[in-house]
Asks: 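Below is one structure. I have some questions about it.
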Amino acid sequence: MHGSTTNAYPTWRHNEQELHKVGEDVLSRMPRDCSSPAVEVPRWQYTLSFEKHLVTPKIVNTASLTPHDVKEVRSPGTTSKPQLQHIKRLNGTIEEVKKIVTTLNEAEVPSEDVVEVVVSPPYVFLSMVKSLLRNDFSIAAQNCWVRKGGAFTGEVSAEMLVNLGIPWVILGHSERRLLLNESNEIVGDKTAYALSQGLKVIACVGETFEQRESGSTLAVVAAQTKAIAERLSIWSNIVLAYEPVWAIGTGKVATPSQAQDVHSELRKWLHDNIGAEVAASTRIIYGGSVNGANCKELAAQPDVDGFLVGGASLKPEFIDIIKSATVKESA
Ligand SMILES: O=C[C@H](O)COP(=O)(O)O
């Protein structure tokens, strides 16, 4: 669907000319702003991100793993079970990661048919977490290469994640969009390729503070979503994560109304541009300063299907966040 760019990324064996072509292609698509989109999954999803103390999804810092995100997602009217994903950024040590996993393993949380929990540690901890984590929780990587693996030193391919038995990958997080210049198109390409290899994707979208202030929030998330949607034909393995950049790690959580408004518009966009079934079945989770105190009210919003949690996932309150998946059921 990308025409000339479809085969622009060589595989293992390529020559210098091919590499140069890839580099030019990537650079030519680097964004000058930060508008981007996201994806889908079953109803409820919780993503725990150990940003500074834990181990999972995102690669953030190296020294300390902090539980960065716990997300709960529930999509209205879907048969799919909740999904909880635990994401950790680039922080942490082996000891810290083990401690977090132990806490998760000992936690009493709703059953798998109520909430799906996904833990996302940095690459280097994926195998360890996979071997230690309870079987009813899943694992996600925090990123993967845009195309088939090859001579791209330092990158990790979707094929490698599949080979490791990692079922999920988070793509398009605002930190990668903003700090590493990942454009909407690159995020869309990454999503399509990861899905083609059998990975399930949590695709992140969200506006900056300036974009919200200028009234372009919906246009930004729609453009981000469109760049993903136009590269997909099947939506069963995608979860969309709405993460307003201004709320990530700031303590300034979106109000339930703000979150619901954007989630509702994203679902409407899916309905109008993809179809009613995809709109109803795609989980749209919220991320950005979710904690034990605000999770229930957010989870009660009709179009909030789970959370992508960062900082709070390092604390005991992340269990409360997971449990908020039951809020709608008891309403
Ligand atoms: O990956 C996690 C999200 O970016 C949210 O992070 P946060 O819960 O620390 O704001």
Side-chain angles (χ1 to χ4, degrees), residues 34 36-39 45-61 64-73 83-92 100 117-123 125 139-143 168-180 182 187 201-209 212 221 224 239-255 258-259 262-263 284-299 304-322 324:
C34 59
S36 351
V39 192
Q45 177 178 17
Y46 279 87
T47 299
L48 298 181
S49 174
F50 294 39
E51 213 172 47
K52 299 172 185 174
H53 306 304
L54 282 207
V55 196
T56 323
K58 303 171 185 176
I59 296 180
V60 180
N61 304 312
S64 60
L65 277 180
T66 303
H68 180 60
D69 302 303
V70 176
K71 286 183 178 182
E72 173 210 326
V73 178
Q83 179 184 12
L84 189 163
Q85 181 174 9
H86 195 151
I87 300 175
K88 299 174 181 181
R89 295 184 177 168
L90 218 182
N91 300 297
I100 291 175
V117 179
V118 181
V119 179
S120 182
Y123 287 135
F125 295 117
I139 299 180
Q142 298 174 9
N143 178 47
W168 286 91
V169 64
I170 295 171
L171 297 173
H173 190 276
S174 65
E175 288 154 7
R176 297 198 62 86
R177 291 177 185 271
L178 295 170
L179 301 176
L180 299 170
E182 289 194 3
V187 174
V201 175
I202 296 167
C204 304
V205 300
E207 83 287 2
T208 63
F209 176 76
R212 173 163 282 268
V221 297
Q224 293 171 331
V239 170
L240 283 178
Y242 168 58
E243 293 202 302
V245 179
W246 48 270
I248 297 175
T250 62
K252 298 177 181 176
V253 65
T255 64
Q258 287 174 322
V262 176
H263 284 227
I284 304 174
I285 64 177
Y286 169 80
S289 295
V290 175
N291 60 36
N294 59 37
C295 61
K296 285 187 178 178
E297 196 173 1
L298 285 165
V304 173
D305 303 316
F307 299 125
L308 178 54
V309 183
S313 68
L314 293 174
K315 307 170 187 174
E317 64 185 301
F318 83 83
I319 302 298
D320 295 326
I321 298 174
I322 295 174
S324 70

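Just so you know, these numbers come straight off a predicted model, no measurement behind them. Computed from heavy atoms alone, side chains included, the values below leave out hydrogens, waters and symmetry copies. We're numbering straight along the sequence, starting at 1. Both ligands and their constituent atoms are indexed starting at 1 by order of listing.
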Asks: Could you check whether any side-chain N or O of Tyr286 sits under 3.5 Å from a backbone N or O of Pro244, counting only pairs where one atom can act as donor and the other as acceptor?
Replies: no
Asks: Show which atoms of ligand 1 fall inside a sub-4.0 Å distance from at least one heavy-atom site of Gly288.
Replies: 5 (C), 10 (O)
Asks: Using a 4.0 Å cut-off to any heavy atom of Gly249, which atoms of ligand 1 qualify?
Replies: 7 (P), 9 (O), 10 (O)
Asks: What are the atoms of ligand 1, with element, lying closer than 4.0 Å to any heavy atom of Ser289?
Replies: 7 (P), 8 (O), 10 (O)
Asks: So if I count the atoms of ligand 1 from 1 in the order they appear, which ones are less than 4.0 Å from some heavy atom of Ala247?
Replies: 10 (O)
Asks: Within a strict 4.5 Å, meaning less than it, do heavy atoms of the Val304 and Ile284 side chains meet?
Replies: no
Asks: Less than 4.0 Å is my threshold; does some heavy atom of Glu175 fall inside it relative to ligand 1?
Replies: no
Asks: Within the distance-only criterion (no hydrogens, no angle test), does the side chain of His263 pair as donor or acceptor with the backbone N or O of Tyr242 below 3.5 angstrom?
Replies: no
Asks: Which value, rounded to the nearest 0.5 Å, describes the distance between Asp320 atom CG and Lys315 atom NZ?
Replies: 12.5 Å
Asks: More than 12 heavy atoms of other residues, nucleotides or ligands under 6.0 Å from CD of Glu297: yes or no?
Replies: no
Asks: Numbering the atoms of ligand 1 from 1, which are under 4.0 Å from a heavy atom of Gly311?
Replies: 7 (P), 8 (O), 9 (O)
Asks: Look at the side chain of Ser324 and the backbone N and O of Lys296, then say whether any donor-acceptor pair between them is shorter than 3.5 Å.
Replies: no
Asks: Just let me know how Ser313 lines up against ligand 1, side chain, backbone, both or neither, with a heavy-atom cut-off below 4.0 Å.
Replies: neither
